[in-house]
J.: 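The structure is given below, and queries will be raised subsequently.
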Amino acid sequence: MTEQFSARLKSSTAAIHDEVEHTTFMVDLMEGRLDARAYALLLRQYDVIYPVLEARSRDFAGDPVFAPFHDALLFRSDRISADLAALEGTELPVMPSANAYASHLESLDSPEQVIAHHYTRYLGDLSGGQAIGTLMRRHYALPATSLTMWDFTGIGKTKPYKDAYRRRLDEVAATGGDEQIVIDETMEAFRLNGDLLVDLTEATERRTVTVA
């Protein structure tokens, strides 16, 4: 039986995905060894990245390859900005890697590349990302009003949505898309996320950001 593309995409990127998830900053944040300020620093980077990703999603909304993935209910940038303001983190520094990530998103010129970043960020937010909101509440006593990024109630139950999303991935070739471009660009998306988390690790270890 031929492997579905969604499964092949997941297996092809599993090693780098695991590596990124276990970057020191993310492990320390999720295990409660940092603080609310460190979480706000992460959001500050997302405040640079997500608006560009969402702009590119709108740019390609009419493309037959990307159109099945475009869904404004997934957009997070307004929520990120509101959460960041609630955490008083709007003046925190932007890492060079976050600017590089945003610049890369601006340079994308194919629907398959946009799908790759859309998949990496949003399906991640709907999966392991849900644990972030739970653990930020548990470890750092953050109120729900500063964790709205992780609230996806607008899309309904997450499992059926993710299942439907994966079915759309399986149809990429049928809509004229190149599956290998999606795989290659997803690898790049994970690399960019990894670079960002390395910068955040170094920032917190050097205490260039107050995490009191």
Side-chain angles (χ1 to χ4, degrees), residues 20-21 23 25-26 28-61 69-106 114 117-159 161-162 165 189 192-193 195-197 199-201 203-204 208-212:
V20 169
E21 280 190 339
T23 306
F25 174 85
M26 190 55 71
D28 286 350
L29 185 70
M30 297 287 276
E31 294 187 357
R33 290 194 287 269
L34 297 176
D35 50 34
R37 201 68 169 167
Y39 173 65
L41 180 62
L42 176 64
L43 278 192
R44 180 70 181 97
Q45 315 316 306
Y46 288 168
D47 198 37
V48 173
I49 294 164
Y50 276 78
V52 182
L53 175 58
E54 290 163 10
R56 300 322 312 274
S57 182
R58 288 189 292 268
D59 290 343
F60 282 86
F69 297 90
H70 178 71
D71 184 353
L73 292 175
L74 292 174
F75 288 0
R76 300 288 96 186
S77 59
D78 288 347
R79 291 173 178 268
I80 291 167
S81 295
D83 289 353
L84 196 57
L87 292 165
E88 299 182 349
T90 55
E91 300 303 316
L92 288 171
V94 175
M95 301 291 109
S97 52
N99 285 323
Y101 194 157
S103 294
H104 182 80
L105 290 171
E106 288 173 346
V114 183
H117 290 275
H118 194 275
Y119 161 80
T120 303
R121 289 258 46 104
Y122 294 122
L123 213 63
D125 293 341
L126 288 168
S127 300
Q130 292 301 293
I132 297 177
T134 299
L135 292 174
M136 295 307 98
R137 249 189 328 268
R138 180 184 305 166
H139 292 317
Y140 310 123
L142 295 180
T145 51
S146 62
L147 295 167
T148 68
M149 176 181 178
W150 312 106
D151 180 1
F152 283 92
T153 52
I155 67 168
K157 293 183 178 180
T158 57
K159 186 181 185 305
Y161 191 95
K162 290 190 296 181
Y165 192 103
L192 290 163
N193 279 284
D195 289 348
L196 174 61
L197 294 174
D199 269 4
L200 292 174
T201 299
T204 52
T208 56
V209 176
T210 301
V211 286

J.: Return the set of residues passing side-chain contact (heavy atoms from CB on, under 4.5 Å) with Glu21 (not counting sequence neighbours), or none when no residue passes.
T.: His17

J.: Minimum heavy-atom separation for Thr23 and Val20, please, with both atom names.
T.: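 Smallest heavy-atom distance, with atoms named: OG1-O, 2.8 Å.
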
J.: Report the residues that fulfil salt bridge (Lys or Arg N to Asp or Glu O under 4.0 Å) with Asp78, sequence neighbours left out, ordered by chain and then residue number.
T.: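 Asp78 satisfies salt bridge (Lys or Arg N to Asp or Glu O under 4.0 Å) with no other residue.
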
J.: Only counting residues at least two apart or in another chain, list the ones meeting salt bridge (Lys or Arg N to Asp or Glu O under 4.0 Å) with Arg33.
T.: Asp28, Glu31

J.: With a 3.5 Å distance limit and no angle check, can you tell me whether Arg56 reaches the backbone of Glu106 through a side-chain donor-acceptor pair?
T.: yes

J.: Just verifying a value: how many Å separate Phe60 CZ and Phe69 CZ, rounded to the nearest 0.5 Å?
T.: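 Result: 13.5 Å between the selected atoms.
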
J.: Can you tell if the side chain of Ile155 reaches within under 4.5 Å of the side chain of Leu126, non-hydrogen atoms only?
T.: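 In contact.
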
J.: Do any pairs count as a salt bridge (charged side-chain N to carboxylate O under 4.0 Å, His left out) and have a residue in residues 136-148, sequence neighbours left out, and if so which ones?
T.: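 Every pair satisfying salt bridge (charged side-chain N to carboxylate O under 4.0 Å, His left out) with a residue in residues 136-148: there are none.
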
J.: Suppose we screen for salt bridge (Lys or Arg N to Asp or Glu O under 4.0 Å). Which residues come up paired with Asp125, at least two apart in sequence or across chains?
T.: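 Here the qualifying residues are Arg121.
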
J.: State which residues pass ring pair (Phe, Tyr, Trp, His ring centres under 6.0 Å) with Tyr161; sequence neighbours excluded, sorted by chain then number.
T.: none

J.: Can you sort out the partners of Lys159 under salt bridge (Lys or Arg N to Asp or Glu O under 4.0 Å), two or more places apart, ordered by chain and number?
T.: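 For Lys159 the salt bridge (Lys or Arg N to Asp or Glu O under 4.0 Å) partners, ignoring immediate neighbours, are Asp163.
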
J.: I need the minimum non-hydrogen distance between Leu84 and Ala40, along with the two atoms involved.
T.: CD1-O, 3.4 Å

J.: Provide the full list of side-chain hydrogen bond (donor to acceptor under 3.5 Å, both in side chains) pairs with a residue in residues 80-90, sequence neighbours left out, each pair given once.
T.: Asp47-Ser81, Asp83-Thr148

J.: Nearest heavy-atom pair of Ala98 and Ile49: which atoms, and what distance?
T.: O-CG1, 4.0 Å

J.: With sequence neighbours left out, what residues match Tyr46 under ring pair (Phe, Tyr, Trp, His ring centres under 6.0 Å)?
T.: Tyr50

J.: To the nearest 0.5 angstrom, please state how far the CG atom of Leu147 sits from the CG atom of Leu43.
T.: 8.0 Å

J.: Does Leu200 offer a backbone N or O that forms a donor-acceptor pair with the side chain of Thr204 under 3.5 Å?
T.: yes

J.: Please report the closest heavy-atom contact between Met30 and His139, naming both atoms and the distance.
T.: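 In terms of heavy atoms, the two residues are closest at O-NE2, 2.9 Å.
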
J.: Only counting residues at least two apart or in another chain, list the ones meeting ring pair (Phe, Tyr, Trp, His ring centres under 6.0 Å) with His117.
T.: His104

J.: Going by ring pair (Phe, Tyr, Trp, His ring centres under 6.0 Å), name the residues that satisfy it together with His70, two or more places apart in sequence or in a different chain.
T.: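 For His70, the residues satisfying ring pair (Phe, Tyr, Trp, His ring centres under 6.0 Å) (neighbours in sequence not counted) are Phe75.
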
J.: If you round to the nearest 0.5 Å, how far is CD of Gln45 from CG of Leu196?
T.: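 Spacing of CG (Leu196) from CD (Gln45) equals 5.5 Å.
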
J.: Evaluate the criterion side chain to side chain contact (heavy atoms under 4.5 Å, CB included) for residue pair Tyr165 and His118; output intermediate values, then yes/no.
T.: CA-CA 11 Å; Tyr165 192 103; His118 194 275; 2.7 Å; yes

J.: Answer yes or no: is there a donor N or O on one side and an acceptor on the other, between the side chain of Tyr140 and the main chain of Arg37, under 3.5 Å?
T.: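 Such a contact is absent between Tyr140 side chain and Arg37 backbone.
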
J.: Backbone N or O of Ser77 within a donor-acceptor pair of the Glu54 side chain at under 3.5 Å?
T.: yes

J.: Over all heavy atoms of both residues, which pair between Lys162 and Leu123 is shortest? Give the atoms and the distance, please.
T.: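 Reported closest heavy-atom pair: CG-CD1, 3.8 Å.
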
J.: How long is the span from the CE atom in Met149 to the CG atom in Asp151, to the nearest 0.5 Å?
T.: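 Met149 CE to Asp151 CG: 12.0 Å, rounded to 0.5 Å.
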
J.: Looking at Phe152, I'd like to know if the NZ or CZ of Arg76 sits under 6.0 Å from its six-membered ring centre while staying within 45 degrees of the ring's axis.
T.: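 The answer is yes; both the distance and angle limits are met.
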
J.: What's the spacing between Leu142 CG and Leu87 CG if we round to 0.5 Å?
T.: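 Leu142 atom CG to Leu87 atom CG measures 6.0 Å (nearest 0.5 Å).
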
J.: Evaluate Tyr39 against Leu34 for side chain to side chain contact (heavy atoms under 4.5 Å, CB included), listing each step before the verdict.
T.: CA-CA 8 Å; Tyr39 173 65; Leu34 297 176; over 6 Å; no

J.: Report the residues that fulfil side-chain contact (heavy atoms from CB on, under 4.5 Å) with Ala102, sequence neighbours left out, ordered by chain and then residue number.
T.: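 With sequence neighbours excluded, Ala102 shows a side-chain contact (heavy atoms from CB on, under 4.5 Å) to Val48, Val52, given in chain and number order.
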
J.: Within the 4.5 Å heavy-atom criterion, are Met26 and Leu42 side-chain neighbours or not?
T.: yes

J.: Check Gly89 against Arg44 and note the closest heavy-atom contact, atom names and distance.
T.: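 Minimum heavy-atom separation between Gly89 and Arg44: O-CD, 3.7 Å.
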
J.: Do the non-hydrogen side-chain atoms of Ser97 and Asn193 ever get within less than 4.5 Å of each other?
T.: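 Answer no - side chains too far apart.
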
J.: Which value, rounded to the nearest 0.5 Å, describes the distance between Leu53 atom CG and Tyr122 atom OH?
T.: 4.0 Å

